[in-house]
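By convention here, the first residue in the shown sequence is residue 1.
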Amino acid sequence: MASSQEEVTLLGVVGSPFLHRVQIALKLKGVEYKYLEDDLNNKSDLLLKYNPVYKMIPVLVHNEKPISESLVIVEYIDDTWKNNPILPSDPYQRALARFWAKFIDDKCVVPAWKSAFMTDEKEKEKAKEELFEALSFLENELKGKFFGGEEFGFVDIAAVLIPIIQEIAGLQLFTSEKFPKLSKWSQDFHNHPVVNEVMPPKDQLFAYFKARAQSFVAKRKN
């Protein structure tokens with residue numbers, strides 16, 4: 001638990017799965033924090049001060065020390081508050097968890113985004129094929145109820161955005177026929193009390209993704 005002497009602030013935009021990764025970790029640890037909503041179309045001076053490199057949310061500020069990039073923040077939270085471990089204690093298992101979390105960001109996030117929001121049908125279909133290939137690896141890697149075992153962990157938190165995109169875009173990714181283990185995982189993870197308490201209503205998720213999709217299309221036209 002965060003002591004009264006500690007100041008924890010989180011900058012984000014509701015609906016961002018990257019923000020919700022961090023919120024899930026903070027909730028799991030029982031860390032109290034101040035949340036500041038930002039506007040990616042009119043970024044605050046605070047965001048530009050604390051993340052001048054990427055100028056993106058989320059940013060965690062702990063005792064005036066800023067940390068950016070969602071998975072880096074989750075690792076920092078796990079290292080700082082020792083209760084309810086997120087990463088395994090075994091070095092090899094920790095390395096594997098980091099590998100699969102990076103795999104999700106590298107091989108799942110971009111094609112999931114494109115398959116949901118691209119207007120070019122050829123690009124969309126290619127992205128969906130890439131995503132299905134990546135999901136096949138995750139399906140084979142999922143050995144128990146969660147990637148972290150009986151309780152969710154680092155890889156599960158990293159993967160939170162995939163079912164979010166599926167729900168918002170109406171994609172049939174985690175079908176019980178194609179990916180039975182991932183389909184069950186998605187239900188169990190989102191029904192977990194910690195995750196369920198953190199996740200915002202669907203309309204807020206939809207508003208975030210709609211705004212990001214419009215920004216993505218506008219940049220491609222320039």
With ring pair (Phe, Tyr, Trp, His ring centres under 6.0 Å) as the rule and sequence neighbours excluded, what pairs involving residues 16-46 come up?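 Qualifying pairs, neighbours excluded: none.
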So, does [X] use its side chain to make a donor-acceptor pair with the main chain of [Y] at under 3.5 Å?
X: Glu139; Y: Lys181; value: yes
X: Asp78; Y: Val74; value: no
X: Asn83; Y: Lys29; value: yes
X: Asn63; Y: Glu7; value: yes

Report the residues that fulfil ring-ring contact (aromatic ring centres under 6.0 Å, His included) with Tyr76, sequence neighbours left out, ordered by chain and then residue number.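 Here the qualifying residues are His62.
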Can you confirm whether [X] sits close enough to [Y] that some side-chain heavy atom of one is under 4.5 Å from a side-chain heavy atom of the other?
X: Lys43; Y: Lys55; value: yes
X: Pro200; Y: Leu205; value: yes
X: Val8; Y: Lys34; value: no
X: Glu37; Y: Val14; value: yes

Mind checking salt bridge (Lys or Arg N to Asp or Glu O under 4.0 Å) for Glu197 and listing every partner two or more places apart, or none if nothing turns up? Lys27
Tell me whether the count of non-hydrogen atoms from other residues, nucleotides or ligands lying under 6.0 Å of NZ in Lys126 goes above 12.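 For Lys126, atom NZ is not crowded (no more than 12 foreign heavy atoms under 6.0 Å).
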Whether over 12 other heavy atoms sit under 6.0 Å from Lys122 NZ: no
Quick check, are the ring centers of Trp185 and Phe147 under 6.0 angstrom apart? yes
When clusters are formed by joining ILVMFWY residues with side-chain heavy atoms under 4.5 Å apart, either directly or through shared neighbours, do [X] and [Y] land in the same one?
X: Leu182; Y: Leu96; value: no
X: Leu48; Y: Leu10; value: no
X: Leu36; Y: Val61; value: yes

Counterpart residues, side-chain hydrogen bond (donor to acceptor under 3.5 Å, both in side chains), relative to [X] (two or more places apart):
X: Lys184; answer: Asp188
X: Ser136; answer: none
X: Glu177; answer: none
X: Glu151; answer: His192

At their closest point, which heavy atom of [X] faces which heavy atom of [Y], and how far apart are they?
X: Pro58; Y: Val22; value: CG-CG2, 3.9 Å
X: Val13; Y: Ile57; value: N-CD1, 3.8 Å
X: Asn42; Y: Asp38; value: O-OD1, 4.3 Å
X: Ile86; Y: Ala25; value: CD1-CB, 3.7 Å
X: Asp156; Y: Gly148; value: OD2-N, 3.0 Å
X: Ser176; Y: Pro180; value: O-CB, 3.3 Å

Let's go through Leu60 and Leu26 carefully: what are the C-alpha distance in whole Å and the side-chain angles of both, what is the deciding distance for side-chain contact (heavy atoms from CB on, under 4.5 Å) to 0.1 Å, and is it a yes or a no? CA-CA 10 Å; Leu60 184 80; Leu26 289 169; 4.2 Å; yes
Non-neighbouring partners of [X] that pass side chain to side chain contact (heavy atoms under 4.5 Å, CB included), sequence neighbours left out:
X: Pro17; answer: Leu161, Ile164, Tyr208, Phe209
X: Ser68; answer: Asn51, Val59
X: Pro201; answer: Asp203, Gln204
X: Glu125; answer: Glu129

What orientation do Phe152 and Phe146 show, parallel under 30°, tilted 30 to 60°, or perpendicular over 60°?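 Answer is perpendicular, since the angle exceeds 60°.
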Spacing of [X] atom [atom1] and [Y] atom [atom2] [to the nearest 0.5 Å]:
X: Lys49; Y: Leu11; atom1: NZ; atom2: CG; answer: 10.5 Å
X: Trp113; Y: Cys108; atom1: CH2; atom2: SG; answer: 15.5 Å
X: Ile67; Y: Ile77; atom1: CD1; atom2: CD1; answer: 8.0 Å

Going through the distances and angles, do Ile24 and Phe189 end up as a side-chain contact (heavy atoms from CB on, under 4.5 Å)? CA-CA 11 Å; Ile24 290 169; Phe189 185 59; 4.2 Å; yes
Pairs satisfying side chain to side chain donor-acceptor pair (under 3.5 Å), at least one member in residues 93-111, at least two apart: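 Counting only pairs at least two positions apart or across chains, the side chain to side chain donor-acceptor pair (under 3.5 Å) contacts touching residues 93-111 are Arg21-Asp105, Glu75-Arg98, Trp100-Glu141, Lys102-Asp106.
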For Val110 and Leu131, run side-chain contact (heavy atoms from CB on, under 4.5 Å): C-alpha distance rounded to whole Å, both residues' side-chain angles, the deciding distance at 0.1 Å, then the answer. CA-CA 9 Å; Val110 173; Leu131 179 58; over 6 Å; no
Please determine whether side-chain contact (heavy atoms from CB on, under 4.5 Å) holds for the pair Leu142 and Leu138, giving the CA-CA distance in whole Å, both sets of side-chain angles, and the decisive distance to 0.1 Å. CA-CA 6 Å; Leu142 187 55; Leu138 289 179; over 6 Å; no
